[in-house]
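Side chains are part of it too, since the values below use all heavy atoms of this structure and drop only hydrogens, waters and symmetry mates.
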Amino acid sequence: MSSTSSSSLQMGELVADKHVRYILMAEKKKESFESVLMDHLRMNGAYWGLTTLALLDKLGSVSVDEVVSWLMTCQHESGGFAGNTGHDPHLLYTLSALQILALFDKLDILDVGKVSSYVACLQNEDGSFSGDMWGEVDTRFSYISICCLSILKCLDKINVKKAVDYIVSCKNRDGGFGCTPGAESHAGQSALAITGSLHHVDKDLLGWWLCERQVKSGGLNGRPEKLPDVCYSWWVLSSLIMIDRVHWIDKAKFVKFILNCQDLENGGISDRPNDAVDIYHTYFGVAGLSLLEYRGVQAIDPAYALPVDVINRIILNR
């Protein structure tokens, strides 16, 4: 649980060293209840933890060879990646695998044609993307596919215009975007930025909808009438930054909300103050602080969810 008893540590600082220790210790507790529950999505957990370490300049604390060796056991013969060894492939885990390899500058070990073909074959006739062979459609999968193929420099393998048109068809009158046409607006739709298609967005209308996600506590929710959640530190903020409307929220109050969700004794960040911490919210809390240029946290790219120096290397060749 988030600690409120440490008088020596004020809620105005990020206890980065404790978050690093929490992440490193979590990987060693493979027999714990929490670890067993997350076994099927370990790839996502690895991405969340490793990216947090990178943002805190502690990626060198882990063995690159050990991580990459395990990661490659998760690749399916189709080219996609599973959440763990022996599980089925999915776009969600494929993106996390690519992001981890990008962190370590190891994308060159991949058969790019095989991985990109797996992603491309999941595009449907209407431009949407299924998450896997079972056919669930969601604009999150559009973002994931576009992000994967951009990282691999293979966007020409899909019909980008159709992909963009499908996302635009999910735009609602409130300015937000749903997971499918006609679905409720939800924070976390970023694909248009990567394809250079932000001209389809009404930035003021969307910006207003996004800034209304901030509640009295300073936190952000993903939809109207929902509780605030640290994970929206990423989904709402990244969108606001990409449409140049981040100044419409109370940044100081938001930073305080994230810091209040820390476990000051054992490390980790929770969804809301005094809840149990986990790797997922620890990553998104630190990523949110990064987007707000919090001191001591490395810069993160709002479209690719990777440190800016990694994107400069793999996308911009700097």
Would you be so kind as to tabulate the donor-acceptor pairs closer than 3.5 Å made by side chains of residues 98-108, with sequence neighbours excluded?
{"from": "Gln99", "atom 1": "NE2", "to": "Tyr304", "atom 2": "O", "distance (Å)": "3.2"}
{"from": "Asp105", "atom 1": "OD1", "to": "Arg313", "atom 2": "NH1", "distance (Å)": "3.0"}

Give the table of side-chain donor-acceptor pairs shorter than 3.5 Å for residues 287-294, with sequence neighbours excluded, one pair per line with atom names and distance.
{"from": "Ser290", "atom 1": "OG", "to": "Gln298", "atom 2": "O", "distance (Å)": "2.5"}
{"from": "Ser290", "atom 1": "OG", "to": "Ile300", "atom 2": "N", "distance (Å)": "3.0"}
{"from": "Tyr294", "atom 1": "OH", "to": "Leu14", "atom 2": "N", "distance (Å)": "3.1"}

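The side-chain heavy atoms of Thr73 and Trp70, taken from C-beta on, include a pair separated by under 4.5 Å. Counting heavy atoms from C-beta outward, Phe129 and Tyr143 have side chains that stay 4.5 Å or more apart. No side-chain heavy atom of Cys261 sits under 4.5 Å from any side-chain heavy atom of His281.
With 3.5 Å as the limit, one finds a donor-acceptor pair spanning the side chains of Ser130 and Asn124. Thr282 and Thr52 share no donor-acceptor pair across their side chains, judged by distance under 3.5 Å alone. With 3.5 Å as the limit, one finds a donor-acceptor pair spanning the side chains of Asp126 and Ser128. With hydrogens and angles left out, the side-chain atoms of Tyr93 and Tyr47 include no donor and acceptor closer than 3.5 Å.
Remark: Arg245 is not positioned above the aromatic ring of Trp208, lacking an NZ or CZ atom under 6.0 angstrom from the ring centre and at most 45 degrees off the axis.
Ring geometry for Trp234 against Tyr283 counts as tilted: the plane angle lies between 30° and 60°, on a 0 to 90° scale.
To the nearest 0.5 angstrom, Leu149 atom CG is 6.5 Å from Cys154 atom SG.
Of all the heavy atoms in Phe81 and Leu110, the pair that sits closest is CZ-CD2, 3.8 Å. Minimum interatomic distance between Phe257 and Pro273 (heavy atoms only, all atoms of both residues): CE1-CD, 3.8 Å. Taking every heavy atom of both residues into account, Cys179 and Ala183 meet most closely at N-CB, 3.9 Å. When all heavy atoms of Leu53 and Leu24 are compared, the pair lying nearest together is CD1-CD2, 4.0 Å.
If you look at Tyr232 and His186, their ring centroids are closer than 6.0 Å.
Among residues two or more places apart in sequence or in another chain, the side chain to side chain contact (heavy atoms under 4.5 Å, CB included) test is passed with Lys171 by Phe177. Shown here are the side chain to side chain contact (heavy atoms under 4.5 Å, CB included) partners of Ser117, two or more places apart in sequence or in another chain: Lys157. By the side chain to side chain contact (heavy atoms under 4.5 Å, CB included) test, Thr195 is found to be paired with Ile146, Val160, Val164, Ser197, residues two or more places apart in sequence or in another chain being considered. Here Leu92 pairs with His90, Phe141, Ile144 under the side chain to side chain contact (heavy atoms under 4.5 Å, CB included) rule; sequence neighbours left out.
Counting heavy-atom neighbours within 6.0 Å of Lys114 NZ, excluding the residue itself, gives a total above 12.
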Please assess Asp17 against Arg21 for the test salt bridge (Lys or Arg N to Asp or Glu O under 4.0 Å), listing each intermediate value before the final yes or no. CA-CA 6 Å; Asp17 56 334; Arg21 184 174 64 191; over 6 Å; no
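Salt bridge status for Lys162 with Glu125: present, with a side-chain N to carboxylate O gap under 4.0 Å.
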